[in-house]
Every structure is written in C-alpha cells, then in structure tokens.
K.L.:
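This is the structure I have questions about; it appears just below.
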Amino acid sequence: MKFQIEDVTVYFPYDHIYPEQYAYMVELKRALDARGHCLLEMPTGTGKTIALLSLITSYTLSKPNNPVKLIYCTRTVHEMEKTLAELKLLHAYQTTHIGDRARILAVGLSSRKNLCVNSRVLAAENRDSVDASCRRLTASWVRAAAVANPNLPTCEFFEEYEKAGSNAVLPPGVYTLQDLRAYGKEKGWCPYFLARHMVQFANVVVYSYQYLLDPKVAGYISKEMQKESVVVFDEAHNIDNVCIEALSVSVRRQTLEGARRNLNKMRQEIEKFKATDAGRLRAEYNRLVEGLAQRGNLPFTDNWLSNPALPDDILKEAVPGNIRRAEHFLHVLRRLVQYLEGRLETDNVEKEGPVGFVASINTHAGIDQKTLKFCYDRLHSLMLTLEITDTDEFLHIQTICDFATLVGTYTRGFSVIIEPFDERMPHIPDPVLQLSCHDASLAIKPVFDRFQSVVITSGTLSPIDLYPRLLNFHPVVSRSFTMSLTRDCICPMVLTRGSDQLPVSTKFDMRSDLGVVRNYGRLLLEMASVVPDGIVCFFVSYSYMDGIVNSWNENGILKEIMQHKLVFIETQDVVETTLALDNYRKACDCGRGAIFFSVARGKVAEGIDFDRHYGRLVIMFGVPFQYTLSKILLARLEYLRDTFQIKEGDFLTFDALRQAAQCVGRVIRSKADYGMMIFADKRYSRHDKRSKLPGWILSHLRDAHLNLSTDMALHIAREFLRKMAQPYDKAGSSGRKTLLSQEDVEKMGDGILNEMQY
Amino acid sequence: MNNGNGRRLNGETEEDDDDEGSEGDLDAWERTYADERSWESLQEDESGLLRPVDNKTLYHAQYRRRIRSLSSQATTSRIQKGLIRYLYIVVDLSRAAAEMDYRPSRMAVVAKHVEAFIREFFDQNPLSQLGLVTIKDGIAHCLTDLGGSPESHVKALMGKLECSGESSLQNALDLVHGYLNQIPSYGHREVLILYSALSTCDPGDILETIQKCKKSKMRCSVIGLSAEIFICKHLCQETGGSYSVAMDESHFKELILEHAPPPPAIAEFAIANLIKMGFPQRAAESSIAICSCHKEAKVGGGYTCPRCKARVCELPTECRICGLTLISSPHLARSYHHLFPIVPFDEVSSSVLNDPRNRLPRSCFGCQQSLPNPGNKPSLRVACPKCKQHFCLDCDIYIHESLHNCPGCESFRHSKSPIATEE
Amino acid sequence: MPSAATKLYADDVSLLVVLLDTNPFFWSTSTLPFSKFLSHVLSFLNSILLLNQINQIVVIATGCNSCDYIYDSSLSTNPGIEKGKLPALCSELLKKLEDFVTRDEQLNKQQSQSLPPTTTSSLLSGSLSMALCYIQRVFRSGPLQPHPRILCVQGSSDGPEQYVAIMNSIFSAQRSMVPIDSCYIGSNNSAFLQQASYITGGVYQKPQQLDGLFQYLSTVFATDLHSRTFLQLPKSVGVDFRASCFCHKKTIDMGYICSVCLSIFCKHHKKCSTCGSVFGQAQSDVASASNLKRKTPET
C-alpha cells in the first residue's frame with residue numbers, strides 16, 4: 001500500500017499495516033526532518049524492521065536532491081540476513097510500483113569468514129586465521145613478489161577483481177551475504193573486497209555494530225561514509241555495553257608472555273631486514289616523519305590496523321621522535337611489558353585512573369604519555385614494513401599496544417583495575433589487569449557527531465530517559481510504543497511465593513535455602529505438567545544454575561520434571577549449546593515437549609528466538625543482577641554516580657530488568673503468537689523494580705497477576721492456554737481495528753498517534 | 001454457562017485463604033463459585049453502568065458466524081460431503097485423563113459425551129461405521145471394531161475405563177491407519193482424537209506417520225482438553241482435519257457434536273462407486289423365523305434379506321449370511337439434507353426495520369412468536385432470502401440445525417421450493 | 001436440541017397440533033362434504049379441550065398454495081369460553097378458515113395464470129415445518145410443558161416433490177420425540193404419512209366409513225401419549241420401505257447406491273446421472289456439481 005505522511009509518500013509492501021507501525025513511521029520521519037537523533041522503543045513482533053526500511057527508503061525517494069544513505073547496524077549475522085531479506089521484499093515492491101527510480105544498491109558486509117569464497121582460505125578454523133590466510137595471499141608485498149615469482153600463491157578471486165578494476169561493480173539490487181558469495185563465485189571476483197568497495201556507493205549498507213563503534217575496525221570501513229546518512233542501531237538495548245567493551249582491554253599473564261615472544265620474533269625480523277634491506281627501514285622512517293603513515297596513501301589491503309582512539313585531530317600530530325626507529329620502539333615496548341608484568345604480581349586489588357597509571361609508567365618505565373598514545377600506529381607501520389602477514393600470531397602485542405594507546409589518549413572515563421585472583425575463587429592465582437571503559441559515550445560520540453541522524457531502536461529500552469544520559473546525546477524524538485492486540489497474547493505474571501506461601505528469591509542470602517530451591521522446583525514441575533511444547537527457563541548465572549539443578553537432582557524433582565518433558569541446558573561451549581538447541585527444537589516439534597535451561601546473560605538470551613511452540617512459557621528465576629562485587633562494575637557505578645548522578649541501585653536495577661525483559665521477550669515474535677512469562681522472585685512485586693519493565697509488558701501485567709503463588713499461577717496458566725487455543729481473528733472484528741487497510745490509513749489523522757504512545 | 005467472548009472480570013482467583021492441600025481438585029472456594037459465576041454475566045456498557053450480558057444475541061451471533069463460514073465454504077468451492085464415513089474415535093486414557101478439572105474426571109466426561117456423539121453420529125450418518133480405540137500406557141488398543149450399530153460401542157464405553165501411563169499419538173495413528181486401509185474405496189476415512197495429554201511419547205518419527213496418513217487420505221481431527229499442542233495442529237493441518245481445544249465441558253460437547261454432520265469431503269479422497277444394497281421388507285407380524293444375529297427363533301417383526309432370505313432384527317445392518325448391506329429408504333433420506341442444504345437466513349437490518357413505510361410482519365412465520373420492534377438494539381429477526389418471510393432467532397437456529405426446511409419456502413408453492421432445482 | 005419434554009404438568013396434558021387439509025382439488029371430489037367434515041373436526045377439538053383444562057390445540061391449514069395458522073387455543077381471550085359456551089371457538093376458527101381458503105384460492109388463480117396446475121397435492125411439508133417450529137417454541141417456554149403431538153388430517157395424495165422436505169420434518173420430529181398421527185381420508189393410502197407415523201411412533205389410520213369420522217377421531221386420536229401405553233391402537237401394517245430406482249421409478253428389492261449422492265439405481269451404470277460421478281475412479285469437483293439435478297424417488 002501507499003500512503004502519505006506529510007510530504008513523504010511511503011511505499012509499504014503489505015496490504016495492511018498495524019497502527020503502531022504507522023505511528024512509528026511518523027515519529028521517525030519527524031526525527032529525519034529535524035536532522036536529529038532519536039530513541040524509539042517498539043515491542044517485538046510488530047514489524048519494526050520493515051517499517052523502518054520502508055520509511056527511510058521512501059524518504060530518500062521523496063527527496064531526490066538530498067539522498068540519504070541508510071547505514072543499518074545489527075548485532076548478529078543472522079539478523080543481518082533477516083534484514084536484507086525484508087529489504088529485498090520491499091525493493092521488489094517498490095520497483096514494481098515506481099519503476100527504475102526506486103532501484104537501489106543494498107549490501108551486507110561482514111568479516112572475511114562469512115564472505116570469502118576461496119576454499120583454501122576458508123579452511124582455516126576461526127575468524128582471525130581466515131583473516132591471516134587472506135592477507136597471506138593478498139598483501140601488497142606478496143602480490144608484488146608474485147609478479148616476479150609466479151610460483152607464489154595468490155588468491156585468484158582477488159586477482160580477477162583487481163584486473164576488472166573500475167568495472168568491478170555490483171549492479172543495483174539487494175545483496176545478502178549469500179548473494180554476494182554467489183555473485184563472487186559467478187564472476188570470479190572476491191566478494192569481500194567487492195563489498196567493501198561498494199559500501200561507499202551503496203544506498204543501504206547493513207553490517208554489525210563493530211563496524212561503526214569499534215575504533216579498530218571503524219577507521220577503514222566507515223571512514224568514507226557521507227555525513228548525510230541515517231544510522232540505525234537495531235536491538236540496541238545493550239548498546240552501552242557494546243560501546244564499553246569496544247574500548248576495554250584486559251591483559252593477563254599469557255598476554256604478556258605472548259607479547260614477549262612476538263617482540264622476540266620482531267627483533268629477529270628486524271635483524272634480517274637490517275642485513276638485507278636497510279633502505280626499506282629508512283624509507284619507513286621517512287614516511288613516518290612526513291606523517292604519511294596516518295592516512296590513506298597505503299593500498300587499502302594493508303589497512304588492517306588502525307588506531308583505537310578515534311579522534312582524527314589527535315592523530316594528525318607528528319609522531320614523536322623517540323620511536324621513530326624500529327629498534328628503539330621495540331625497546332620501549334619491552335620496557336612496557338616488563339612494567340606490566342611487575343604490576344601483575346601484586347597481592348592486592350588495585351585501582352587507578354588513567355592519568356595516575358600513565359604517570360606511574362613514566363616514573364617506572366620512562367615512557368611518557370605521547371609515546372604511549374602512538375604505540376598502536378607505530379606497531380602497525382612496523383608490521384607493514386616487516387611484511388608480516390601472520391597477524392593472528394601477533395595478537396598479543398597488538399593487545400598491549402591497544403592498551404597503551406587507550407591509556408595514553410583518554411584521561412577520564414577509564415579505570416585500570418588489577419586483580420590478583422577472581423573473588424569467587426580466592427585460592428587460584430589468576431592475575432588480570434583490566435583497562436575498563438566506564439563511559440559508553442566515548443565510543444559512540446564520533447557516530448553522533450558525524451552522522452546526520454542516528455536512530456536507536458529496540459523492543460526493550462526502558463527506562464527510555466536513561467539512554468540519553470548514558471550515551472551523552474540529545475535525541476529530538478524519544479518515544480515508546482505499545483502493541484495493538486485483538487487478544488491479550490502475553491500473560492506476564494509475578495510469582496512471589498511457592499504453594500507453601502514461603503517467599504522465593506535469588507537474593508544472595510536466600511540462594512541456598514532449601515525451601516526456596518524446592519519451591520522453584522515445584523514451580524517448574526507444575527508448569528511442565530500444564531504447558532505444552534516448549535518452556536524456557538532463565539537463571540541468573542551459570543553457577544546458580546549448576547547449583548540449583550544439582551539440588552533438584554538430589555531431591556528427585558528433576559526426575560519428575562523429566563517425565564513430563566525433556567530437559568536441555570545451555571553451557572559455555574558454543575557447539576554443545578547449538579546441539580542442545582537443535583534437539584530442543586526437535587523435541588518440541590515432535591510433541592515430546594522440552595525445557596531449556598539458559599542463563600540470563602548468555603548467548604541464547606541475546607540471540608535466539610523461542611517463538612510459537614518453541615516457547616509457550618518463559619520463567620525468569622530471580623532478578624539477573626550483575627555480579628555486584630566485580631571491581632569493574634563497582635568502578636563503573638562510581639563513575640556513573642559522579643558524572644551522571646545516576647544512583648548505583650537505580651543503574652543496577654535498570655540493567656537487571658533490561659536483561660530480564662530481553663530474556664522474556666524471546667517468546668513472542670508476531671501477533672498471532674502467544675506466550676506466558678513468569679517473573680519468579682519476590683522482589684519483582686516492588687514497584688521500583690516492576691516499573692522498569694518495558695511498557696508493552698507492563699500494560700499486560702494486571703494487578704491480579706502480581707504477588708502470585710504457585711497454585712494460583714497454575715490456574716491462570718491453564719485458563720490462558722485454553723483461551724489462546726481458540727481460533728484467532730487477525731483483523732479484529734470488534735472494537736478497535738488492529739490491522740489497517742489503505743482506506744483506514746487515509747482516513748486517519750494525527751489522532752491515532754496519541755493512542756499509541758505509552 | 002458459555003460466555004463466548006465475554007471478558008472475565010477479576011473475580012476468579014481469590015488471593016487469600018486457599019488451602020494448598022489438594023493440588024488437582026478444586027478448592028472449596030472455587031467450588032462455590034464454579035457453577036454459577038454470576039459476576040461473569042455482568043458487563044459494563046458505554047456509560048460505565050453494569051448490566052447483564054445479553055447472552056442470547058451473543059450466542060446467536062456466534063452461531064450465525066459459524067453457519068456463514070460453513071456455507072460460504074461449501075458454495076464457493078463446491079465441495080461435496082463425505083456421506084459414507086468410516087470413523088475411528090481415539091480416546092486418550094493416559095495419566096492426564098484422570099485430572100479433575102472436568103468433574104468428576106476428564107475420562108468420565110469424555111465417555112459421556114462420546115456416547116452422545118455416537119448416537120448423534122448414527123442418526124446423521126446411517127450408512128457409516130464407527131470404531132473405538134484407546135491409548136493407555138503408551139499402547140493403543142482397539143476397543144471396538146468398525147460397526148454400524150451404536151449399542152455395542154456404547155456398551156464398551158460404559159465398561160470400566162482406567163487411566164494410566166503415557167500417551168502415544170503415533171501408536172494410535174499407526175493402529176487406526178492399519179484398520180482403515182482395509183475399508184472399501186468409496187468410504188471416507190476419518191479419525192477423531194480426543195486428547196487430554198500435553199505430549200506424546202512415540203517410538204519412532206511421528207512426522208513420518210503423519211505423512212503416511214496424509215497419503216492414505218485419512219482425515220484426522222483432534223479435540224484437545226488441555227492446551228494447544230503443535231504436533232496435533234500439524235497433524236490436522238496436514239490431513240485436512242480440524243483442531244480445537246475445549247474450554248469447558250459444554251464447549252467440549254459442542255465441539256464433539258460438530259463432528260457428527262459429514263465434513264466437507266475433498267472429492268479425490270474417496271472413489272465414487274456403486275454400492276449394492278438391499279431394501280428388505282418387513283416380515284408379517286405372525287411369522288416365525290430364526291434370526292441371524294441372535295441365533296434364536298423370533299416371532300413377528302423383522303426384516304428379510306432379499307438375496308439370501310435370512311432374517312435380521314434391525315436396520316441398517318449387514319446381512320451376516322451373504323454380506324449385503326441392508327437399509328431402508330428413510331436411512332438414505334436422512335442424508336439428503338446434506339446434499340441440499342438450505343441457505344442461511346439474512347439479518348434484517350435496522351434500517352429496514354425502522355423505516356415506517358415497510359409493513360413488517362409482527363410475528364415469526366414459523367412459531368408465531370411476536371417479534372418486537374427493536375428500536376436501536378440489534379435486530380432480533382432474520383429473513384429467508386428466497387421467500388422473504390421473517391423468523392425469530394430461535395427458529396433460525398432450529399431450522400438450520402435440525403429441521404433443514406424453511407417453513408416459508410415450503411408453505412408457498414409459487415416460491416418454487418428449492419429442492420426441485422439445485423442452486 | 002432439546003429432546004422430549006421432561007417436565008410436565010401431569011402425565012396426560014397434551015398439546016395437539018392439527019394440520020387440516022383444505023385442498024379444493026381433493027374436497028371437490030370427496031364423498032364427504034367439507035362442511036360435514038368440519039363439524040366432525042370441531043366436535044373432536046372441543047372434546048380434546050374438555051379432557052383436560054390445560055390441554056392446548058393449534059390448528060394449521062394445509063392449502064394447495066399456502067399454509068397458515070388458523071387457531072391457537074392458548075391465545076383465545078374470549079370470555080365466552082369461561083362460561084363453557086362452545087360457539088366462540090367455532091366462530092373464530094371458522095372465520096379464519098374461510099379467510100384462509102379465500103386467500104388460497106386467489107393464489108391459485110394467480111398461479112394458474114402463469115402456469116397450468118401441475119399437481120393436486122397440498123403443501124404438507126410447509127404445515128409440518130410450521131407445526132414443528134411452534135412445538136419448539138413450546139419446549140422453550142418454561143419448566144412445565146405439555147406433551148406435544150401432531151395430527152395430520154389429510155385427503156390429498158402425496159406430492160413427490162415434497163419428499164425430502166417431509167422426510168426432514170419426520171426426522172426432526174423423531175429427534176424431538178413428537179409423534180405424528182395421521183388420519184387419511186383420501187382414496188389410496190398415503191405412503192408419506194404411513195412412514196411418518198411409523199418412524200415417529202404415531203398412529204396411522206385410514207377410516208373405512210367417513211360418516212363416522214368423529215368416532216374414529218375421538219377413539220383413536222384423542223388419547224394422550226401417556227394413556228396410549230395402555231391401549232391397543234391400530235398397528236402399522238404394510239409400510240413399504242423399499243425404494244424406487246431413479247431410472248425407472250419401479251420399486252426394487254436390491255439396488256445400487258451412488259456413494260457420492262446416494263441416488264438409487266436398479267442396475268450397474270458407468271456414470272451417476274444425478275451427480276455425474278464416474279464410478280471406479282476419483283472424480284473432480286466441478287464436473288459433478290454442475291450436473292447436480294435431482295429426481296425424487298417414490299416409495
């Protein structure tokens with residue numbers, strides 16, 4: 001259907017639209033008009049992606065003089081593929097309606113591992129080794145040598161691509177990663193480099209967060225993106241954590257040992273070079289002096305290391321004199337490594353700000369701040385000179401240089417924390433030095449500054465006013481939408497006690513209480529006997545999950561549970577977990593029924609959907625607070641309190657409930673779906689905790705469903721399941737319409753918006 | 001009291017004073033309110049005042065929706081009905097059937113309604129046959145073979161039924177599939193599964209069994225007593241059956257009786273054939289003969305098989321001696337209304353009612369009940385699109401569910417009674 | 001569907017719905033004049049009302065072009081009844097009946113202008129349907145109900161085009177446990193009514209001497225359902241349930257039934273003439289439905 005939002009004609013590929021999708025598009029358009037940033041919360045299963053894509057592409061079509069590029073960031077490759085598939089549909093619809101004017105180029109971009117078609121390179125086991133094997137074949141010096149000596153192996157796809165030169169373009173269309181691989185195979189060109197090149201010309205680019213937020217990667221992928229771009233971060237509720245992780249480094253004994261080895265190797269290489277080609281080293285020295293190492297005159301295949309600190313202006317300074325010579329630089333690094341080893345031998349926990357740490361490095365190792373700041377660049381340049389392609393071997397020294405540069409660049413927003421052992425296992429010495437970033441706004445600031453509009457959207461962004469403070473930006477639009485439903489397909493419940501009326505919780509002092517364990521066990525058992533197909537259970541941590549499952553096993557409750565349904569569990573191993581998930585789905589499909597035990601902050605909670613019969617009930621056992629005694633967390637909380645006046649308790653609760661909402665939202669993916677959610681902890685009944693749940697959950701949480709005991713929850717569950725099993729009328733025959741047709745949309749004015757806002 | 005789509009207010013679960021001793025049975029406070037939840041029959045109207053829910057119109061509206069959907073399917077797609085049905089009823093006697101959310105227990109309720117269904121089934125499908133299968137301890141047993149007389153089935157049901165163990169859908173389907181493969185090709189194969197359990201423990205791949213059933217053109221329907229299970233839904237979708245979940249006992253009765261009239265049959269499912277049948281005459285009152293079903297001498301009323309002259313006691317039946325199907329013409333006539341259904345009546349719109357120029361009949365044509373002039377409320381009368389007579393809502397339901405004649409069309413010769421020509 | 005009334009006033013309270021045949025084609029050739037016939041019937045109706053204070057009578061007229069309600073004893077508000085004055089019943093009934101017959105005849109005239117009269121049967125299916133609707137209403141009326149039954153006083157011959165509708169009514173009456181009594185005053189037996197009475201458990205009688213119609217009515221048909229268990233009523237003999245084949249209309253003992261549309265044939269055919277299904281192979285929808293036409297079997 002086609003309709004107008006003010007001056008933009010929107011092309012939407014379906015015949016019906018939900019009212020909340022319409023409202024979402026209106027708000028989005030406002031933000032685009034204002035050229036500002038926005039924060040939009042819309043629940044899962046309401047077609048957020050297609051609404052976004054169709055509005056932005058239609059916006060571009062309406063303003064052909066100011067074309068707007070769309071940069072769409074997703075968290076996982078799977079989400080990337082899904083988005084591109086939706087875009088394909090949209091594109092097909094638009095081209096049939098408008099013709100060639102609507103043709104666009106949309107590409108997805110991912111790491112070499114997902115795009116390479118060269119079977120030899122792909123045979124490498126992980127991402128870093130794929131990168132390394134690729135470089136072995138495509139680095140500029142390798143290719144130069146191959147011209148001279150045809151026996152050296154090169155990548156035939158890359159060679160073809162280079163030969164094609166300016167003809168190597170992608171015709172307009174939407175390309176998923178699969179499409180790119182197929183195209184590459186067909187033409188004999190390397191899909192990865194082709195995609196990287198086309199990213200500059202594409203109208204829509206879909207890639208992962210790291211390509212914009214992680215400075216190590218963003219520098220060369222996204223540096224050419226125009227200012228008039230709209231950046232969308234989808235499923236961005238954890239964006240603050242992503243930003244923080246992008247700028248955090250941790251250094252362990254192994255790292256330092258590895259670094260030493262790397263340094264030795266590099267020294268050998270330098271000796272070799274000194275013997276054979278003194279001229280090259282001198283050329284490199286000159287290059288540095290002229291500051292050419294900083295920007296773009298190197299062939300782009302070589303840009304694989306870039307400075308983690310983003311601000312351009314800092315890097316434009318000339319490289320300090322004392323590290324111009326390679327050997328001198330290696331000495332500096334060695335001193336640094338030694339200093340860090342010394343620091344790691346401490347018996348106490350130590351915490352310092354970056355300024356203090358840099359000062360102490362200066363005193364003890366004689367390295368000043370400016371030197372530290374340019375470590376990363378210098379290393380990069382050196383490795384290029386030494387023509388090192390096995391980058392995966394040199395990861396440790398890169399980490400150290402990363403650390404050095406970050407600590408040298410930033411004076412606030414970071415802490416250096418040294419812990420001799422993990423608090424939870426005090427007798428095992430495991431020293432670690434962590435440079436942890438506390439300020440999420442640092443990594444994302446360049447994005448906000450540079451691009452015209454940034455859209456942060458997710459299903460669980462509550463409370464929404466916390467995000468602008470954490471990320472330090474000012475959105476022009478900040479809205480939360482609810483789902484319009486013909487029937488209440490979600491049934492959230494807060495369970496605070498067991499059948500014996502004893503309260504249940506995962507509060508630390510109550511964890512080993514046998515009564516609590518038994519009540520939780522009985523809750524699961526009762527629910528397993530009443531809920532068909534799949535049940536998902538989230539626990540607050542791996543150790544808690546282990547402990548409670550053990551206790552259930554001893555009690556015999558686990559055996560009873562297994563009589564009703566099969567039990568699968570998530571472990572920290574990816575392969576095992578994937579296998580468990582697979583079997584879980586099979587069990588649900590064939591009618592045997594299954595329960596999946598998972599952890600609230602694990603991979604499953606972040607990425608896997610349990611829609612339809614795979615998740616009819618999700619139980620959140622407890623409140624998933626972070627490990628509150630972790631030093632990093634404490635440091636961050638302190639920083640937040642000092643800088644943003646956010647109370648520790650508030651932030652912890654916010655973070656815990658955000659995680660809980662995320663876990664629980666896995667269960668509904670569309671409006672025809674239905675599911676129940678149980679929050680099993682007495683603390684959820686308190687208003688300060690409950691109010692932090694997203695609006696679309698709270699709107700279904702009736703007062704009668706608060707403060708339940710197990711048998712009451714059972715009764716409610718039975719009724720709900722029976723009611724939901726009745727046939728469903730999609731469009732809503734009585735009362736409000738939940739599916740609008742073309743005429744409805746045309747008749748609607750602004751009135752609908754007020755209904756939709758929460 | 002079936003409240004249909006009415007919203008339930010917050011009165012169901014009391015938050016205090018529940019005794020948790022009995023997990024499965026209704027607690028005392030629940031029992032008091034379970035029968036008459038009078039608060040559920042209250043609704044808020046536009047101004048916020050409470051008033052009793054108008055059940056009748058709700059019920060009628062529901063009913064009309066159902067009829068509409070059924071008839072629109074039939075007329076637009078011209079699907080015929082499968083009149084000669086071979087139906088197996090699979091009763092789940094696993095552990096879950098002993099639960100007491102239906103009183104006295106699920107199993108007892110199911111048995112009661114299956115008995116009513118059996119009678120209704122033979123009433124509406126005199127040429128069809130029915131068999132019973134139970135699932136217990138994961139194994140499927142055949143309770144009664146396919147047969148055309150209701151008594152034997154009912155007797156088997158009324159016997160002692162015990163529940164235990166797991167339920168296995170695959171075993172039941174395999175068993176039924178084996179039996180139904182042996183029936184003549186003109187018959188329609190159907191299975192009705194009454195499922196209480198929430199899962200199924202199968203020895204092999206149930207998806208394969210489902211494909212097997214689909215290939216053999218078996219139409220499987222499921223009525224669930226607890227909640228919606230994916231595998232049942234999948235089974236019904238693949239084989240063209242219907243899946244429904246009962247909300248309470250009366251709803252269950254409704255759902256099971258919906259399967260009594262012949263379902264729309266996919267034409268390719270059964271091969272058309274001419275079936276040889278006999279129309280025996282009733283023997284004279286004073287004649288004495290040895291009846292072939294009881295093997296004893298009987299006096300008087302009975303029927304003589306036209307082919308082998310054996311005496312049978314009742315119709316319809318299969319002659320035990322020569323195997324000829326014996327029926328009487330009323331049996332065939334019972335199914336004629338499926339072939340010539342009557343059109344659903346239209347609601348008389350309020351614009352027509354309120355128009356003072358129209359002279360409206362003041363009473364229902366069928367039962368002479370006076371039809372009030374409704375004013376602003378939804379109309380309480382319907383009209384036949386052919387003869388334009390007005391009827392009250394209850395007559396509408398009776399005419400479409402039981403009588404299958406429109407009194408108006410039958411009472412006027414010039415309206416060309418619809419049986420003479422098909423639509 | 002509500003089955004038989006389970007709650008009664010008392011065992012012998014009845015609701016009698018009388019279907020009177022007013023077909024002029026029959027009455028013009030009948031030995032018993034219509035007026036005499038009416039006097040028998042009226043006396044009979046009065047006797048019913050006298051048997052029990054709460055007995056109820058409804059009279060529906062079966063014409064040849066229409067059917068209508070003539071009289072309902074529960075609606076009578078004439079104070080004359082309290083004093084036991086009989087003429088009140090008669091006058092009301094007779095007047096309505098006269099109006100009905102006039103209307104029916106007018107319809108006949110309209111009808112005969114457009115088409116020549118093809119049949120001389122009355123619309124029994126219509127009045128049966130109306131009677132059953134009325135009885136259903138009584139079933140809904142409250143906790144105390146009388147025993148309902150239908151009495152068909154018919155003289156016209158059976159109209160074969162009404163076969164399916166009459167069978168539907170019969171089965172519906174059987175489900176609701178409403179017996180259909182038949183008093184047939186025509187010349188040959190009516191197969192429809194014989195079947196009706198047999199299936200629903202009513203009494204069929206063809207009185208031999210029409211002059212004594214009142215005697216037959218009051219001895220056989222006036223008894224209420226409860227008392228019938230103690231009486232010896234005319235048994236049903238000679239009900240012929242054999243079918244007639246569609247192709248020749250002759251009655252057959254054994255025949256072939258099409259499994260799709262249940263049409264009856266006397267010998268093996270390749271194709272069903274009613275629904276067009278080809279025997280021995282799976283059929284398609286479209287071909288069969290468009291050919292569907294129906295001829296009624298006669299029994």
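Here is how names work: the chains are called A, B, and so on, in the same order as the sequence lines, proteins then strands, and each is numbered from 1.
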K.L.:
Nearest 0.5 angstrom please: A/R612 CZ to B/K233 NZ, how far?
P.N.:
10.0 Å
K.L.:
Test your reading of the model: is there a side-chain donor-acceptor pair from A/R722 to the backbone of B/L225, 3.5 Å cut-off?
P.N.:
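Looks like yes, one N/O pair under 3.5 Å.
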K.L.:
Are B/E228 and A/L721 side-chain neighbours, meaning at least one heavy-atom pair lies under 4.5 Å?
P.N.:
no
K.L.:
Out of A/C588, A/G591, A/A725, return the one with the most heavy atom pairs under 4.5 angstrom to chain B.
P.N.:
A/G591
K.L.:
What's the separation between atom CD in B/E99 and atom OG in A/S529, rounded to the nearest 0.5 Å?
P.N.:
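That separation rounds to 6.5 Å.
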K.L.:
Is A/Y614 close to chain B through its backbone or its side chain, or both, or neither, when contacts mean heavy atoms under 4.5 Å?
P.N.:
neither
K.L.:
At what distance, to the nearest 0.5 angstrom, does CG of B/D101 lie from CD of A/E719?
P.N.:
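Nearest 0.5 Å value for the CG-CD distance: 10.0 Å.
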K.L.:
Please name the pair of heavy atoms, one in B/F230 and one in A/D533, separated by the smallest distance, quoted to 0.1 Å.
P.N.:
N-OD2, 2.9 Å
K.L.:
Output side-chain donor-acceptor pairs under 3.5 Å for residues 196-204 of chain B, partner residues at least two apart or in another chain, one line each.
P.N.:
unit_1, atom_1, unit_2, atom_2, d
B/T200, OG1, B/L169, N, 2.9
B/T200, OG1, B/D202, OD1, 2.6
B/T200, OG1, B/D202, OD2, 3.3
B/D202, OD1, B/S168, OG, 3.2
B/D202, OD1, B/L169, N, 3.4
B/D202, OD1, B/Q170, N, 3.2

K.L.:
Looking at OG of B/S244 and CD of A/Q726, how far apart are the two atoms once the value is rounded to the nearest 0.5 Å?
P.N.:
8.0 Å
K.L.:
Checking B/I229 against chain A: side chain, backbone, both or neither under 4.5 Å from a heavy atom?
P.N.:
both
